[in-house]
Amino acid sequence: MASITKELAFKGFPFIRIYQDGKVERLIESPHVPPSDQDPETGVSSKDITISHNPSISARLYLPNLPQNQTQKLPILVYFHGGAFCIESAFSLQAHCFLNRLVSEAQVAAVSVEYRLAPENPLPLAYEDSWAALQWVASHSNNQELDGKKDPWLAKFGDFDRLYIGGDSAGGNIAHNLAMKAGFESLCGDVKILGAFLSHPYFWGSKPIGSEPKGEDFEKTLEYKAWDVVYPSAPGGIDNPMVNPAGEGAPSLAGLGCSKLLMCVASKDQLRDRGVWYCDLVRESGWKGEVELFEVEGEDHCFHIFSETETENVKKMIKRLASFLV
């Protein structure tokens, strides 16, 4: 077998290996599960759709359990899964369970985007796929036919005055970058993003802040090493504005293209200090929207995704996200 050229590990457990011959081995991933006509626990319905064949972009759509005569429109959430840009899926068990819970609690229509993964498809492709998916969702605001491509769930139940984006970890990073792009580039139908939630988002840089490891240990962190794997051609490297919102040449956060922002952090997460720092940067930028920081004590990175049971803290997290999506 070809020798390993790069390996990324989370808490000591390798999750991706890249071999000299170009082969990529993903060692830790949540299994894929099919959509459900009606989830037995939440009553949420889901289905898979294709947004684009070239490039290949798909999504899983979710709809809460509604009365047959439902006419009231629902907020729309466009969601981006985590996984360091190189593992996991919109069709994974973890993402599916989380969104069933959130959609049921929040009573929203959700679109979970399946973007292409690095390193086979390095950044910025995930950003481009996610933006294309967001544009596809926004295009449903136009009552004219979309060459037969309009999804009936979004067309019938979607309230495009209440469009939200959000994500966890790498997905939170995607949500930030799409909100920035929406600040200077219009969505279809001139739809506006009402709010964005960034849950334990992946931000980093060349210099440690807060309680992050110092010296050589800093450059050994997964957060530091992963960026070069998923975006090897990034101008400015780990200080590229896509991952470091205060990096050289970064646009002002005053340009965020949404009206409100929820930052979620966990006290034991190594990314916690970056989330707090990001909120400070947004407030200092002069951005006109509302920003809120929500912290869960005693929990680690994406605990609400990884937890197999609905603990009190998982319930607290779901309820806070749901209250934001109104």
Side-chain angles (χ1 to χ4, degrees), residues 6 8 10 15-16 18 22 24 26 28-30 32 48-60 77-92 94-95 98-99 110-138 164-183 185 187 193 196-204 222-245 247 250-251 257 271 274 301-302 305:
K6 290 182 180 178
L8 293 178
F10 180 64
F15 64 84
I16 188 168
I18 304 166
V24 176
R26 290 177 172 85
I28 301 177
E29 279 198 296
S30 174
H32 287 202
D48 295 342
I49 56 98
T50 298
I51 293 172
S52 166
H53 290 287
N54 186 22
S56 178
I57 309 170
S58 53
R60 179 161 292 178
L77 168 65
V78 182
Y79 174 80
F80 311 101
H81 69 82
F85 296 104
C86 59
I87 61 171
E88 290 303 333
S89 165
F91 311 127
S92 74
Q94 289 177 345
F98 166 66
L99 282 164
V111 180
S112 181
V113 178
E114 179 76 345
Y115 52 84
R116 287 172 289 173
L117 297 178
E120 301 95 328
N121 300 285
L123 293 176
L125 292 180
Y127 297 127
E128 294 170 5
D129 292 354
S130 300
W131 179 255
L134 182 60
Q135 287 282 25
W136 176 82
V137 171
Y164 292 86
I165 61 174
D168 294 278
S169 195
N173 175 289
I174 291 174
H176 155 74
N177 280 293
L178 264 56
M180 290 299 296
K181 188 176 178 71
E185 187 171 327
L187 290 172
I193 299 172
F197 74 76
L198 314 184
S199 172
H200 310 174
Y202 171 41
F203 295 121
W204 211 244
L222 168 62
E223 293 82 3
Y224 192 96
K225 293 192 294 184
W227 187 248
D228 183 57
V229 171
V230 300
Y231 198 174
S233 65
I238 194 67
D239 283 323
N240 182 280
M242 295 288 201
V243 73
N244 181 358
L271 290 171
R274 292 278 166 175
H301 188 65
C302 289
I305 304 290

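Reckoned from all heavy atoms, side chains included, excluding hydrogens, waters and symmetry mates.
To the nearest 0.5 Å, atoms CD1 (I57) and CH2 (W131) are separated by 13.0 Å. With rounding to the nearest 0.5 Å, the separation of CD in Q94 from CD1 in I305 is 7.5 Å. Here the CG atom belonging to L117 is positioned 8.0 Å from the CD1 atom belonging to I16, to the nearest 0.5 angstrom. One distance of note links CZ of F203 with CG of L198; it measures 5.5 Å at 0.5 Å rounding.
Remark: K225 engages no residue in a salt bridge (charged side-chain N to carboxylate O under 4.0 Å, His left out) (not counting sequence neighbours). Partners of S199 under the side chain to side chain contact (heavy atoms under 4.5 Å, CB included) rule, at least two apart in sequence or in another chain, are D168, F197, C264, H304, M317. With sequence neighbours left out, the ring-ring contact (aromatic ring centres under 6.0 Å, His included) criterion links H81 to Y115.
With hydrogens and angles disregarded, no donor-acceptor distance shorter than 3.5 Å links the side chain of Y202 to the backbone of V243. At distances below 3.5 Å, at least one donor-acceptor pair connects side-chain atoms of N240 with backbone N or O atoms of P235. E114 places no side-chain N or O within donor-acceptor distance of the main-chain N or O of R60, the cut-off being under 3.5 Å.
With contacts defined as side-chain heavy-atom distances shorter than 4.5 Å, the pair F80/N177 does not qualify. With contacts defined as side-chain heavy-atom distances shorter than 4.5 Å, the pair F85/V229 does not qualify. Contact annotation: the side chain of I238 never approaches that of N244 to less than 4.5 Å [non-hydrogen atoms, C-beta and beyond]. At least one side-chain heavy atom of C86 sits less than 4.5 Å from a side-chain heavy atom of F15. Under the 4.5 Å side-chain criterion, counting only non-hydrogen atoms from C-beta, L187 is not in contact with V137. Using a 4.5 Å heavy-atom cutoff, the side chains of I174 and Y127 are in contact. Looking at heavy atoms from C-beta onward, S92 lies out of side-chain contact with E29 at the 4.5 angstrom threshold.
Counting only residues at least two apart or in different chains, salt bridge (Lys or Arg N to Asp or Glu O under 4.0 Å) contacts with residues 120-130 comprise R26-E120, R116-D129. Residue pairs meeting the salt bridge (Lys or Arg N to Asp or Glu O under 4.0 Å) criterion with at least one member in residues 169-178, sequence neighbours excluded, do not occur. Applying the side-chain hydrogen bond (donor to acceptor under 3.5 Å, both in side chains) definition to pairs two or more places apart or across chains, those involving residues 226-237 are K6-D228.
Considering all non-hydrogen atoms of both residues, I165 and A175 come closest at CD1-O, 3.3 Å. The two residues A95 and A90 have their closest heavy-atom pair at CB-O, 4.2 Å. G166 and L77 get closest at one heavy-atom pair: N-CD1, 3.9 Å. Counting all heavy atoms, side chain and backbone alike, P122 lies closest to P232 at CB-CD, 4.1 Å. Nearest heavy atom pair, residue S89 against residue H32, reads CB-NE2, 3.3 Å. Scanning both residues, P119 and V24, for their nearest heavy atoms gives CG-CG2, 3.7 Å.
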inquiry  = As a quick check of understanding, evaluate side-chain contact (heavy atoms from CB on, under 4.5 Å) for I193 and L178, giving each step before the final call.
reply    = CA-CA 10 Å; I193 299 172; L178 264 56; 5.7 Å; no
